[in-house]
Undergrad: 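To start, I am sharing the structure in question, which I have written as structure tokens.
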Amino acid sequence: LCWPVDPTALCEKVTGTPWSELSNRQSKDKPLKEALARHTQLASYYLGQLTLHAMLCFGRSYNCISWMSKTYSYPMLCSMAYNALLPPKIRSAAVDLVRFLYLDRYPQLANCSLPRYPAPLWVYELVDPSKDLPGLMCVKPRNLQDAGCFPEFGLSPHHPMAQRKEDPFLSFPSNFKFFILRN
């Protein structure tokens, strides 16, 4: 469905025909040209829809997050992000959706009496500590590839969030769900 977003890189992988050959054929074959134009329009529409859905959830819009997380599951979005046969723009839109639907949100909202936004956590990777952000206090130098550089958590089997079967992402018992996005 999406290969026309990046035809030079993906046409041969998906259709078995190099883009240069298909492009030459479509210039001589009007029905093929119309079919490719419709396919390109559909792929562009799908990309726009993914981007729109991500922007609707931007800024922790919980009404949109609630609705969209039922439509876009975490495993589906991760498989889209790692699928080499999808154009980079589609994969990027999938990563944006993961970020807004599952990472940049406050999953404990249902357990709070008053909704509050969590304090943002910033992780900076210093390449040269003498030049990079000299005013930044550093407890321990870390790289983004180090184990434990991101917040980690675990849920006991008896925790109320672990019992929520309607949202498998929230009831996931370890921090492994974020490990996929780290690579």
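All residue numbers refer to positions in the sequence shown, counting from 1. All values derive from a computational prediction rather than experimental measurement.
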Undergrad: If you look at every heavy atom in His53 and Met68, which pair is closest and at what distance?
TA: CD2-CE, 3.3 Å

Undergrad: Minimum heavy-atom separation for Met80 to Ala94, with atom names?
TA: CB-CB, 3.8 Å

Undergrad: Taking all atoms of both residues into account, what is the closest heavy-atom pair of Ser69 and Ser66, and its distance?
TA: OG-O, 3.2 Å

Undergrad: In Å, rounded to the nearest 0.5 Å, how long is the span from CZ of Arg99 to OG of Ser92?
TA: 8.5 Å

Undergrad: Mind checking the CE-OG spacing from Met55 to Ser61? Nearest 0.5 Å is all I need.
TA: 12.0 Å

Undergrad: For residues 8-35, which residue pairs qualify under ring-ring contact (aromatic ring centres under 6.0 Å, His included), counting only residues two or more places apart or in two chains?
TA: none

Undergrad: Would you say Gln41 has more than 12 foreign heavy atoms packed within less than 6.0 Å of its CD?
TA: no

Undergrad: Working to the nearest 0.5 Å, report the span between OG of Ser73 and OH of Tyr102.
TA: 6.0 Å

Undergrad: According to a 4.5 Å side-chain heavy-atom criterion applied to Ile, Leu, Val, Met, Phe, Trp and Tyr, with indirect links allowed, do Ile90 and Leu52 form part of one hydrophobic cluster?
TA: yes

Undergrad: For the SG atom of Cys2 and the NE2 atom of His39, what is their distance to the nearest 0.5 Å?
TA: 7.5 Å

Undergrad: Starting from the C-alpha separation in whole Å, work towards a yes-or-no answer on side-chain contact (heavy atoms from CB on, under 4.5 Å) for Asp96 and Phe58.
TA: CA-CA 9 Å; Asp96 284 343; Phe58 178 72; over 6 Å; no

Undergrad: Ignoring hydrogens, what is the shortest heavy-atom contact between Thr51 and Ala93? Give both atom names and the distance.
TA: OG1-CB, 4.3 Å

Undergrad: Leu10 and Lys13: side-chain contact (heavy atoms from CB on, under 4.5 Å), yes or no, with the steps?
TA: CA-CA 5 Å; Leu10 297 172; Lys13 290 179 183 176; 4.2 Å; yes

Undergrad: Where do Val5 and Tyr46 land on the side-chain contact (heavy atoms from CB on, under 4.5 Å) test, with the steps shown first?
TA: CA-CA 10 Å; Val5 174; Tyr46 182 64; over 6 Å; no

Undergrad: Could you work out the complete set of other residues in the hydrophobic cluster of Leu85, with links drawn between I, L, V, M, F, W and Y side chains under 4.5 Å apart?
TA: none

Undergrad: At what distance, to the nearest 0.5 angstrom, does OG of Ser79 lie from CZ of Arg91?
TA: 11.0 Å

Undergrad: Report the distance from atom CD of Glu34 to atom CD of Gln26, rounding to the nearest 0.5 Å.
TA: 11.0 Å

Undergrad: Mind listing the closest non-hydrogen atom pair of Thr17 and Cys11 along with its distance?
TA: O-SG, 3.2 Å

